[in-house]
**Student:** 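Mind having a look at this structure? Questions to follow.
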Number of protein chains: 2
Amino acid sequence: MTNNTKDNGVPTLADVANYANVSTATVSRCLNSPERVGGNTRKRVMKAVRDLGYAPNFGAQALAARQTNTVAAVIPTMENAVFARGLQAFQEELGRHGKTLLVASSAYNAELEEQQVRALVARGADGILLIGYDRTPEIYEFLAKQKVPTLIAWSFNPEEPRPAVGFNNRAAMADLARQVIGQGHENIACISAPTASNDRARERVEGIRDAKAKAGQDPKNLTVIETPYGIETGETAFRQVMTNAPQTTAIMCVNDVLAVGALRAAREMGMKVPNDISVTGFDDIEIATLAEPPLTTVHVPHREMGRCAADMLIQILKGDLIGHNLELATEIRIRQSLGPAPH
Amino acid sequence: MTNNTKDNGVPTLADVANYANVSTATVSRCLNSPERVGGNTRKRVMKAVRDLGYAPNFGAQALAARQTNTVAAVIPTMENAVFARGLQAFQEELGRHGKTLLVASSAYNAELEEQQVRALVARGADGILLIGYDRTPEIYEFLAKQKVPTLIAWSFNPEEPRPAVGFNNRAAMADLARQVIGQGHENIACISAPTASNDRARERVEGIRDAKAKAGQDPKNLTVIETPYGIETGETAFRQVMTNAPQTTAIMCVNDVLAVGALRAAREMGMKVPNDISVTGFDDIEIATLAEPPLTTVHVPHREMGRCAADMLIQILKGDLIGHNLELATEIRIRQSLGPAPH
DNA sequence: TTGTATGCGTTATCAG
DNA sequence: CTGATAACGCATACAA
């Protein structure tokens, strides 16, 4: 009666060891590196494991092994299809490597993001994925202090030392703007997400200015409306643009959802797209092709980004520091929502 | 020099205790039940926590507290907006209660789902959310053996003893079918997701049969095409229907995405909706209103479902067994894609 | 190949 | 209100 095995509750390593007449170390080895144990004992141990229905205790395992095989991601919201898509690919790839995904969302709120990051780290995330570079230094400091490897997605800037997988938001939008300008548009407006703590949006707006400057237009002369994500907000913003700057002939939106809202507002106002006004988006999600007329936009490889992010983070966790920075290519998709400027 | 504090590595409770000149017990109390500690010491401790950037070690916490405050969900895929939306709300509500979300996806594959469930449980999930009732008994047995509380979402069947939050898929679709039949349609076809291990889809198809029977039509006389999720697959299925059953005047799809595909195919084939043929969807996601013409569909309160699921699971984890079953109401949204049957 | 012993960072029990 | 101290279940360096 002097064994340390409790007959109630779930079986532990000690129970298995006891049952199989070996030490706990042997059982542990049997489970984690079976090749380091005798075929005979192994069989006995495995039988014990099955007989007792043993499953390792996660907390204990994490505590002793100093890792959880869990990776976290904080995204603005899963309701935005681009993040849902990227996250799905991220999770799939993680799963292939035996890692599990922990998720939280920030609702585009910096303060909330910090909370989420802390919570996730507290939940034992081995590594973490964040969207874009912009955030308070506190978060980065915390992550550094906690030694949690961090990967940025959706943005790519060779100047930034931080590991990232993404694309050049600014250049991509500039490319698109060049197309717009090429159609003769001189009065361009932009509907953007709030740029305050969102480098993706900010860079896209800057991209338009870049293209204007290069085309000899005044980069300052750009009407910009900032508004939260959504079709309705896009509609409202469109109306606002047409009020503030009625001479506008092309509206470039920083994402497809806002653009769809703009399209809808245009129709309601009796304006023909692209005859009266051109509209462009960014992301190339499904509604871009569904929209009426179909949306000219920038195609972003969201799935690939998610997959690559997983691979990179896994590399980083392994201590391989190669390929710490990955730029993905985007592609302009010209569709009917862009046409020549009305003279 | 006899303290047990290591100056390298991440700060631990002991470090904080040391820094604040209190015992580890006090720090722990400070963090977990602040009311049980003196205001003065509390302040000192909290400062130490901030100064050191302390975060509790998850493994240790889980081991000592015997719970992870982590809840898991296995959904078919986040790329389906309905799940993304529900999951987002689920996560938000979980977060409000200090719980973190662990996610995996099954890709509508039963075998994969079982793997994911096992992995998530192995990661210490305190409870788990699953979509629909249909799955192998092995999963349910495993969950029972591991004593992991499980909640079903998206389906609701009073006959099922299992805790669930969802809606009556069958009745909802029957309601919609009644509307269709009320428009004079007698040759109805259905484009469904694979029904083999998907009770939601199966019930929706049955709902159509129910309505037909009640209207005096032969419930067996229903063309059903099963196809995976997607706009393209919806297109293909539509063509197949028109080949197999050219007399069809209304096509009811088990989700909006398939319906949008059907709409597109109809247009390509030169058929006018709803003049030549009516099309209906299910879910009422954004594309339903964006579609041309807007889709008649069943509105499902995805966000509310996610939020309620979180609340219920939390109740269950607390040991409160009340309200174990929750039925949510759906609502028919009549839009232009449904019209009278051509004579 | 196998066993022994120790440490992992918290929580919780019990004294003080 | 606060401090020792004993679990918690597993992994692993070190011995045998």
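Sequence lines set the chain letters: A, B, ... in the order given, protein chains first and strands last, and positions in each chain run from 1.
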**Student:** Taking atom P of dC1(D) as reference, at what distance in whole Å does atom CZ of Arg44(B) sit?
**Tutor:** 14 Å
**Student:** With a cut-off of 6.0 Å (strictly less than), are more than 12 heavy atoms of other residues, nucleotides or ligands near CZ of Arg96(B)?
**Tutor:** yes
**Student:** Take Glu79(B) and Arg85(A) through the test salt bridge (charged side-chain N to carboxylate O under 4.0 Å, His left out) and record every step on the way to the result.
**Tutor:** CA-CA 5 Å; Glu79(B) 291 205 44; Arg85(A) 197 166 283 188; 3.6 Å; yes
**Student:** Looking at Ile139(B), Val71(B), Leu143(B), which hits side-chain contact (heavy atoms from CB on, under 4.5 Å) with Ile128(B)?
**Tutor:** Leu143(B)
**Student:** Heavy atoms only, 4.0 Å cut-off, all strands: where does Leu13(A) land among base, sugar-phosphate and nothing?
**Tutor:**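 Answer is sugar-phosphate: Leu13(A) comes under 4.0 Å of backbone atoms only.
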**Student:** How many whole angstroms separate atom CD of Gln67(A) from atom P of dA11(D)?
**Tutor:** 11 Å
**Student:** Can you measure Asn32(A) atom CG to dA13(D) atom P for me and round it to whole angstrom units?
**Tutor:**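 Spelled out: CG on Asn32(A) to P on dA13(D) is 13 Å.
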**Student:** Rounded to whole Å, how long is the line connecting atom CG of Leu63(A) with atom P of dA7(D)?
**Tutor:** 17 Å
**Student:** Counting just side-chain N and O atoms, does Ser28(A) come under 4.0 Å of either OP1 or OP2 of dA11(D)?
**Tutor:** yes
**Student:** Mark yes or no for whether Asp126(A), through its side chain, and Gln67(A), through its backbone, hold a donor-acceptor pair below 3.5 Å.
**Tutor:** no
**Student:** Taking side chain as C-beta onward, heavy atoms only, is Glu113(B) less than 4.5 Å from Leu130(B)?
**Tutor:** yes
**Student:** Tell me the interatomic distance from Arg66(A), atom CZ, to dG9(D), atom C1', rounded to whole angstroms.
**Tutor:**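 Result: 15 Å.
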**Student:** State whether the side chain of Ser106(B) and the backbone N or O of Tyr108(B) hold a donor-acceptor pair below 3.5 Å, judged by distance alone.
**Tutor:**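 Judged by distance alone, yes, a pair lies under 3.5 Å.
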**Student:** Do any of residues 52-62 of chain B sit with a heavy atom less than 4.0 Å from DNA chain C, and if so which?
**Tutor:**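 Output list: Tyr54(B), Ala55(B), Pro56(B), Asn57(B), Ala60(B), Gln61(B).
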**Student:** Identify all side-chain donor-acceptor contacts of residues 154-165 of chain A below 3.5 Å with residues at least two apart in sequence or on another chain.
**Tutor:**
{"from": "Ser155(A)", "atom 1": "OG", "to": "Asp199(A)", "atom 2": "OD2", "distance (Å)": "2.6"}
{"from": "Asn157(A)", "atom 1": "OD1", "to": "Glu159(A)", "atom 2": "N", "distance (Å)": "2.8"}

**Student:** Determine, for nucleotides 1-6 of chain C in 5'-to-3' order, which nucleotides have protein heavy atoms under 4.0 Å from the base (write B), from only the sugar-phosphate (write S), or from neither (write -).
**Tutor:** SBBB--
**Student:** Under a 3.5 Å threshold, yes or no: a donor from one side chain and an acceptor from the other, between Gln91(A) and Ser105(B)?
**Tutor:**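 Yes, Ser105(B) and Gln91(A) have a side-chain donor paired with an acceptor closer than 3.5 Å.
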